[in-house]
Amino acid sequence: MSRQANRGTESKKMSSELFTLTYGALVTQLCKDYENDEDVNKQLDKMGFNIGVRLIEDFLARSNVGRCHDFRETADVIAKVAFKMYLGITPSITNWSPAGDEFSLILENNPLVDFVELPDNHSSLIYSNLLCGVLRGALEMMAVEAKFVQDTLKGDGVTEIRMRFIRRIEDNLPAGEE
Amino acid sequence: MTVHNLYLFDRNGVCLHYSEWHRKKQAGIPKEEYKLMYGMLFSIRSFVSKMSPLDMKDGFLAFQTSRYKLHYYETPTGIKVVMNTDLGVGPIRDVLHHIYSALYVELVVKNPLCPLGQTVQSELFRSRLDSYVRSLPFFSARAG
């Protein structure tokens with residue numbers, strides 16, 4: 001596959017309508033392929049995960065952020081740098097658990113759902129579940145859980161994603177090297 | 001001044017890529033050599049961070065012997081770029097970062113047909129990397 005010469009690492013602009021419509025077409029097709037909403041949610045999460053494991057490399061290549069020292073720093077980088085870089089929005093971080101291992105990302109507006117209304121027969125569809133998968137994949141160096149707790153498509157005022165830290169995954173020597 | 005060879009590892013120790021330009025002495029079977037290199041890097045990294053008298057900033061950067069210098073760059077995702085050069089070469093973190101960001105990320109990570117976690121098959125990556133290294137100011141066609 002040939003590629004044009006490297007255009008440098010600045011972000012390339014694209015129409016947001018094209019992005020929203022492409023995402024919508026993706027979800028619609030998944031709904032046709034899988035019969036129930038639960039399967040679609042799982043597929044979106046899986047696709048998001050595969051995007052996330054690659055996206056993190058692009059993020060590190062472009063943003064010069066180093067290793068985060070704790071989960072709070074991770075939360076800040078996700079909200080202030082990563083979301084800004086990829087979706088052009090800056091969610092706020094709230095509701096830290098007392099142990100410091102859970103927090104919420106509040107998105108005032110979600111670019112994926114512009115023009116979208118959920119029909120009645122898809123009430124358990126988590127339309128933007130791709131985002132949860134992306135977050136899980138990008139944070140592949142630690143096991144995290146990401147899920148939607150509020151969704152503007154379901155009538156809530158804002159969209160809220162709850163992130164929970166499970167554990168850190170350390171680099172391992174390849175098998176048989178101990 | 002010259003570049004001897006370059007290794008690229010992922011966080012599981014898989015050798016994603018190896019290229020050499022000037023190398024007079026072989027260590028042994030390539031597969032064994034990659035494991036040896038990775039094991040050594042893993043040990044040095046953890047040694048360096050344990051023994052550091054101050055808070056670590058970048059961690060392990062390079063080591064040198066009387067004949068060559070090994071330069072190291074690692075990303076938070078565990079991708080490791082290792083370049084062996086001769087002694088005249090100073091710090092080249094920006095070069096290694098460029099190899100990661102403009103070559104590995106652009107040509108391998110962003111290509112959905114290139115699977116991750118195994119040796120890179122992309123001929124484009126190999127040739128771009130080769131041209132880039134040959135264009136470096138400290139690379140000379142004859143071992144210096």
Side-chain angles (χ1 to χ4, degrees), chain A residues 1-12 14 26 46-71 73-74 76-78 81-82 85-86 134 136-144 168-178, chain B residues 9-16 31-32 34-43 45-46 49 55-59 73-81 93-94 96-117 121-125 127-128 131-132:
Chain A
M1 287 202 338
S2 68
R3 263 181 91 109
Q4 299 156 17
N6 184 21
R7 281 169 278 178
T9 52
E10 69 285 339
S11 58
K12 301 149 194 142
M14 176 181 89
L26 173 77
K46 209 161 111 179
M47 291 167 75
F49 185 84
N50 288 329
I51 292 176
V53 299
R54 292 186 185 243
L55 200 74
I56 180 69
E57 307 277 5
D58 177 65
F59 175 70
L60 291 174
R62 282 174 25 193
S63 70
N64 282 324
V65 165
R67 222 172 237 238
C68 292
H69 294 105
D70 57 28
F71 202 47
E73 209 182 316
T74 308
D76 275 340
V77 170
I78 293 174
V81 190
M85 190 189 271
Y86 290 108
V134 174
R136 274 197 320 118
L139 295 171
E140 210 201 355
M141 299 290 282
M142 52 177 107
V144 295
R168 212 164 149 169
I169 301 180
E170 292 297 340
D171 278 2
N172 282 317
L173 282 172
E177 281 292 307
E178 268 87 54
Chain B
F9 291 102
D10 76 357
R11 62 194 251 236
N12 296 317
V14 173
C15 182
L16 300 172
K31 284 214 174 76
E32 291 305 314
Y34 303 148
K35 279 204 222 152
L36 204 64
M37 173 64 82
Y38 188 81
M40 182 276 294
L41 292 173
F42 190 88
S43 310
R45 254 181 58 222
S46 93
S49 75
D55 268 330
M56 283 245 296
K57 209 171 154 264
D58 289 325
Y73 175 78
E74 183 187 349
T75 70
T77 44
I79 303 292
K80 303 164 174 72
V81 187
R93 239 172 122 69
D94 51 335
L96 301 181
H97 176 75
H98 185 270
I99 291 177
Y100 169 69
S101 65
L103 295 172
Y104 177 68
V105 168
E106 283 297 307
L107 302 175
V108 178
V109 174
K110 287 188 177 173
N111 180 350
L113 298 179
C114 271
L116 301 181
Q121 303 292 345
S122 162
E123 179 55 33
L124 182 64
F125 173 75
S127 67
R128 285 269 176 91
S131 327
Y132 175 69

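Computed from a prediction, not measured in an experiment: that's the story for all the values here. Numbers restart at 1 for each chain; the letters A, B, ... are given by sequence-line order, proteins then strands.
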If we define contacts as heavy-atom pairs under 4.5 Å, which of R67(A), M141(A), R54(A) has the most with chain B? R54(A)
For chain A, the option from I79(B), V108(B), T75(B) that forms the most heavy-atom pairs under 4.5 Å: I79(B)
Chain B contact via N50(A) - which portion, at a heavy-atom distance below 4.5 Å: neither
Minimal non-hydrogen separation, L103(B) against R128(B), with atom names: CD2-CB, 3.8 Å
Residue pair F49(A) / V53(A), side-chain heavy-atom distance below 4.5 Å: yes
Check whether any side-chain heavy atom of L16(B) lies under 4.5 Å from a side-chain heavy atom of Y104(B), and answer yes or no. yes
Looking only at heavy atoms, which two atoms of D58(A) and V105(B) are closest? And how far apart? CA-CG1, 3.6 Å
